[in-house]
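Indexing begins at 1, ligand by ligand and atom by atom, following the structure's order. In what follows, residues are counted from 1 in the order of the sequence shown.
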Amino acid sequence: MKVNHHALELEQNYLFSEVAKRIRTFCAANPTRELLKLSIGDVTRPLAKVITDEMKAAAEEMSHAETFHGYGAEQGEPFLREAIAGYYQKRGITVDAADVFVSDGAKCDLGNLCDLFDADNTILLPNPVYPVYYDTSIMSGRRVIFAAGSKGNGFLPMPDDSVHADIIYLCSPNNPTGAVYSREQLREWVAYAQKNGALILFDAAYEAYIRDPALPHSIFEIDGAETCAIEINSLSKTAGFTGVRCGWTVVPRTLQYEASLHDMWFRRMATKYNGNSYIIQRAAAKVFTEEGLAAVHKDIDYYMENARIIKAALTKAGIHSVGGENAPYVWMQCPDHADSWDYFDHLLHACGIAGTPGVGFGTAGQGWLRFSSFGTRETVTKAAEYLSAL
Ligand code: PLP
């Protein structure tokens, strides 16, 4: 038996476990001190009642022979795919329900999409970036190159015509930097993909946090993207579904490489997946109703107010930061050119605040720290008092 040697190339010291370990050590050594956790990547607000009521109603259906549901439609229930297409339509974006594939989350889809591509592909990743793109590319034995984010480009790296890539991951709004590409910038990426015969994997998991009406929520707002892009999205951060699981991927039938990626993805999903739970799909469809959207936007407003408070505190302290205006993450530059992990330790021990070291998201994150706005208002307000006095 031979193992997948590429899987052994992954760094064992996973960012979030190291953060958790250091927090545990701090708490054990300082049992009376309060921990202000701004490192949390999970939501903290409960699911909206309108959503859980729908889950209960769907669960009730499952207990009667006449309304029971077994295996569902392979691509996801039509009522949910229609609801997702309708959600795009509200913004004037054309996405056909037939191109929507429902899943149990964006992370799984991002990993599973690797099944469609040959190992002999060059992957272009923004640096810093959500670690799943890198880890899944390494596990499947692909070459990875980076486009560096920096203070200068606002952590929104742009294509370089002298570099060839086959598959490009874009995440906008970005985790960890909170930066969001403009329509013009996405046009450049689409033009680059078309010129290189490349594919864009666009992760829109945080699109619901965009406030600025000029900013694009989907790659399919860009002409031509339907010939060179797949979009991955999730209800985890939009509607608090991190624990109940529901995402989707749009694979247009207009994508034509050596073969139809839509047909390949359909075949892949039908082979290795049996669909999300009916109860969860009903709850997900409820999110896209008027009352569902009103409820989830209340929670998004809550988190975005947290982001505003964190950012305002940093501004008051004269500390440069990116993000936080159209994303639930604030990306802070460590003062005095401090190293990410050193500053993480400093903030933890001096103020009891836990951030996430930027370097854990890529080398270009060195010297930066990520704050998440998913905590409670109480935690954020207390942390902001410390931050504004830094
Ligand atoms: N994409 C990005 C950029 C994320 O930050 C996350 C979660 O943190 C995900 C995808 C994963 O979403 P899901 O919970 O649907 O797997």
Side-chain angles (χ1 to χ4, degrees), residues 14-17 19-20 37-45 47 51 76 80 84 87 100-114 125-137 149 155-157 168-181 200-210 217-219 229-250 269 273 275-277 280-281 283-284 287 296 299-300 303 307 322-324 326-331 355-356 358 360-362 365 370-375:
Y14 192 54
L15 169 67
F16 300 106
S17 22
V19 167
K37 220 168 164 188
L38 299 188
S39 54
I40 184 162
D42 198 353
V43 293
T44 51
R45 312 278 298 158
L47 289 166
I51 312 287
L80 177 53
I84 292 169
Y87 180 62
V100 176
F101 293 77
V102 174
S103 72
D104 54 348
K107 194 191 223 178
C108 324
D109 280 355
L110 286 159
N112 293 335
L113 279 163
C114 292
L125 301 184
N127 179 3
V129 85
Y130 181 52
V132 171
Y133 314 150
Y134 179 74
D135 286 351
T136 54
S137 298
F155 287 92
L156 292 167
I168 304 141
Y169 285 78
L170 295 179
C171 180
S172 178
N174 188 274
N175 177 11
T177 67
V180 187
Y181 280 114
I200 294 173
L201 297 178
F202 190 81
D203 185 343
Y206 297 98
E207 61 78 24
Y209 289 79
I210 294 175
H217 288 241
S218 164
I219 192 69
I230 286 175
E231 179 159 300
I232 300 99
N233 209 328
S234 164
L235 289 183
S236 282
K237 305 300 160 66
T238 298
F241 271 49
T242 52
V244 290
R245 315 300 306 143
C246 191
W248 72 88
T249 287
V250 181
M269 293 299 265
Y273 187 55
N276 203 342
S277 125
I280 299 307
Q281 294 193 65
V287 171
V296 299
D299 291 326
I300 291 173
Y303 294 132
V322 173
N326 294 287
Y329 296 114
V330 179
W331 182 243
T356 308
F361 298 96
R370 186 192 77 171
F371 290 132
S372 135
S373 67
F374 289 123

### Query
Under 3.5 Å, side chain of Q281 to main-chain N/O of N276, donor-acceptor pair present?
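Indeed, once roles are kept as given, a pair shorter than 3.5 Å links the two residues.
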### Message
Between S372 and I40 (side chain of the first, backbone of the second, donor and acceptor by atom type, cut-off under 3.5 Å), is there such a pair?
### Response
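Yes; judged by distance alone, with no hydrogens or angles, the pair exists.
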### Separation between CG of N326 and OH of Y181, rounded to the nearest 0.5 Å
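Rounded to the nearest 0.5 Å, the CG-OH separation comes out at 15.0 Å.
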### Task
Supply the atom-to-atom distance T238 OG1 to D299 CG, rounded to the nearest 0.5 angstrom.
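The OG1 atom of T238 sits 11.5 Å away from the CG atom of D299.
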### Message
I need the single residue from S103, S234, S236, S277 that forms a side-chain contact (heavy atoms from CB on, under 4.5 Å) with R245. Which is it?
### Response
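That would be S236; it is the only one of S103, S234, S236, S277 passing the side-chain contact (heavy atoms from CB on, under 4.5 Å) with R245.
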### Task
Let me know which protein residues bring a heavy atom to under 4.0 Å of ligand 1; chain then number is fine for ordering.
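Close residues (ligand 1, cut-off 4.0 Å): G105, A106, K107, Y130, Y133, C171, N175, D203, A205, Y206, S234, S236, K237, R245.
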### Task
Quick one: closest heavy-atom pair of A239 and V287, and the distance?
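Closest approach of A239 to V287, heavy atoms only: CB-CG2, 3.8 Å.
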